[in-house]
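What follows is a single structure, written as structure tokens, with notes after it.
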Amino acid sequence: MPGAEVDVVVVGMGPGGEDVGARLARGGLDVVGVDGRLVGGECPYYACIPTKMMIRATDALGEARRVPVLAGAADVTQDWAPVARRIREEATDNWDDRVAVERFENAGGTFVRGWGRITAPREVTVTTPDGTERVFTARRGVVLNTGTDPAVPAIDGLAETPYWTNRDAVAVEEVPGSLVVLGGGPVGCELAQVFSRFGAKVTIVQHADRLVPADEPEAGELLEKSFADEGITVRTGLSAARVSYESGQFQVKLDNGEVVNAERMLVAAGRKSDMMALGIGAAGLDDSARGVTVDERMRAADGLWAIGDITGHGAFTHMSMYQARIAAADILGEDDAEIADYRATPRVTFTDPEIGSVGLSEAAARDKGLTVRVGVSELPYSSRGFIHKVGNNGFIKVVEDADRGVLVGATAAGPNGGEVLGALVVAVHAEVPVKLLRQMIYAYPTFHRAIEDAITKLA
């Protein structure tokens with residue numbers, strides 16, 4: 001039976017979904033946005049914003065503890081209460097999305113709370129919280145922005161325990177005395193350092209052979225050394241074989257027989273999505289796939305677009321927003337609509353030291369068959385690193401396609417690594433010739449001046 005007719009239905013109102021929906025509504029289309037969770041998605045409630053508030057507080061503690069090396073003496077007493085209060089009051093409105101809903105409605109959209117699934121081409125059925133169903137037929141089509149959920153590995157005993165995911169971790173009002181973190185990617189590393197600096201005894205268990213394995217090996221080595229200096233235990237190349245919980249204690253048995261005990265356990269083992277629940281099979285797509293394949297204009301099928309995590313181009317807010325702009329322009333039929341270009345996708349792990357990366361790693365560039373030259377500059381030996389003194393660990397690494405004479409990847413690791421990365425993102429995206437990068441004037445004494453040194457060392 002045909003449902004209510006609209007121009008576009010957006011399923012999933014994370015940052016990208018809200019953005020594409022608002023763009024289309026402002027463009028004069030009749031748009032319905034659907035989400036069973038909070039409008040705004042993971043970023044403002046459980047990820048980017050609250051966790052970076054936690055990290056801001058953590059960084060303040062870290063710097064204060066460096067005062068004795070640089071400027072005399074300082075007594076530091078950590079207190080989680082201001083952090084928890086700021087997350088509730090400033091970041092999440094106590095996990096209330098009223099402001100976000102009103103923002104979308106003020107842009108001209110209609111919001112429907114519920115879980116949407118595709119039930120036919122250009123048709124979405126929404127199950128509302130009270131169990132009723134509403135059907136919408138989209139004349140222009142459907143946009144999917146359903147994001148991902150925390151992945152929980154099938155470890156013996158884990159499901160019966162009160163483990164945390166990132167969604168639980170941001171809501172805590174007290175820091176545990178000890179914490180075991182399962183996973184050494186960006187989420188695991190960031191939260192491990194946060195809770196450690198606020199007094200928890202932390203152990204990271206990482207199945208890969210290094211931390212942040214999507215980044216350069218040097219980045220993982222840098223973090224492992226920095227964590228060791230702060231008292232964080234890192235166990236790489238190991239997995240949890242069994243988890244139990246009794247009398248307020250987790251017991252995690254590793255696959256080498258070692259046992260880790262902690263008051264709390266954080267599972268930071270990646271993300272997952274459920275394509276079958278989304279009903280993409282009704283649109284002619286493979287609902288057993290891990291995500292939705294899209295073309296350079298975000299088209300997945302006739303009358304169907306997808307953006308964000310489920311496209312497989314990086315689970316980043318900035319990616320979702322970037323793709324939203326492209327999808328909206330395509331749906332609106334703009335003549336000068338851009339097409340997606342992922343060569344210079346940036347990512348940042350907001351630890352101390354901070355890890356910023358863009359484009360290809362050295363290994364990925366070699367795997368693509370490129371003629372690779374690499375240059376590395378160690379920050380402690382730069383003028384700014386010398387001045388900074390304590391907390392100056394880090395490096396700049398650049399990866400060149402020597403045949404074309406342009407950078408295809410780079411890493412800025414160290415103080416403000418994500419900010420230093422900006423210049424390198426421009427270089428990779430715009431394919432600025434290395435010859436021109438050598439001829440630039442780099443301000444002295446800055447951390448970004450180490451880019452010049454890395455470029456001179458290309459070999």
Flag, side chain of N166 to backbone of Y46, donor-acceptor distance under 3.5 Å: yes
Pair D149 + R37: basic N to acidic O under 4.0 Å: yes
Test log, rule side chain to side chain donor-acceptor pair (under 3.5 Å), inputs E230 and Q193: CA-CA 9 Å; E230 293 191 19; Q193 190 171 48; 3.1 Å; yes
V292 side chain near S273 side chain, heavy-atom distance below 4.5 Å: no
L182 side chain reached by I155 side chain, heavy atoms, under 4.5 Å: yes
Within-4.5 Å side-chain heavy-atom neighbours: D97 and Y45: yes
Run the side-chain donor-acceptor check on residues 385-399: report pairs under 3.5 Å with partners two or more places apart or on a different chain.
from: N392; atom 1: ND2; to: G385; atom 2: O; distance (Å): 2.9
from: N392; atom 1: ND2; to: K389; atom 2: O; distance (Å): 2.9
from: K397; atom 1: NZ; to: E216; atom 2: OE1; distance (Å): 3.1
from: K397; atom 1: NZ; to: E218; atom 2: OE1; distance (Å): 3.3
from: K397; atom 1: NZ; to: E218; atom 2: OE2; distance (Å): 3.0
from: K397; atom 1: NZ; to: E362; atom 2: OE1; distance (Å): 2.8

Non-neighbouring partners of T236 that pass side-chain hydrogen bond (donor to acceptor under 3.5 Å, both in side chains), sequence neighbours left out: none
D330/R299 salt bridge by N-O under 4.0 Å criterion: yes
Matching residue for S320 among I310, T311, D309, N145 - test: side chain to side chain contact (heavy atoms under 4.5 Å, CB included): N145
Plane angle bin for Y342 and Y322 - parallel if under 30°, tilted between 30 and 60°, otherwise perpendicular: perpendicular
Heavy-atom side-chain contact between M53 and V83 under 4.5 Å: no
Steps toward side chain to side chain contact (heavy atoms under 4.5 Å, CB included) verdict (F316, T345): CA-CA 10 Å; F316 312 122; T345 300; 4.0 Å; yes
Sidechain N-carboxylate O distance under 4.0 Å for D19, R23: yes
Option among S196, C189, S226 that satisfies the side chain to side chain contact (heavy atoms under 4.5 Å, CB included) test with I232: S196
H429 atom NE2: more than 12 heavy-atom contacts under 6.0 Å: no
Under-4.0 Å salt bridge between D352 and R66: yes
Check ion pair D215-R347 (N to O, under 4.0 angstrom): yes
W80 and F198 aromatic ring geometry - parallel, tilted or perpendicular at 30°/60° bounds: perpendicular
Check: W95 and R88 side chains under 4.5 Å, non-hydrogen atoms: yes
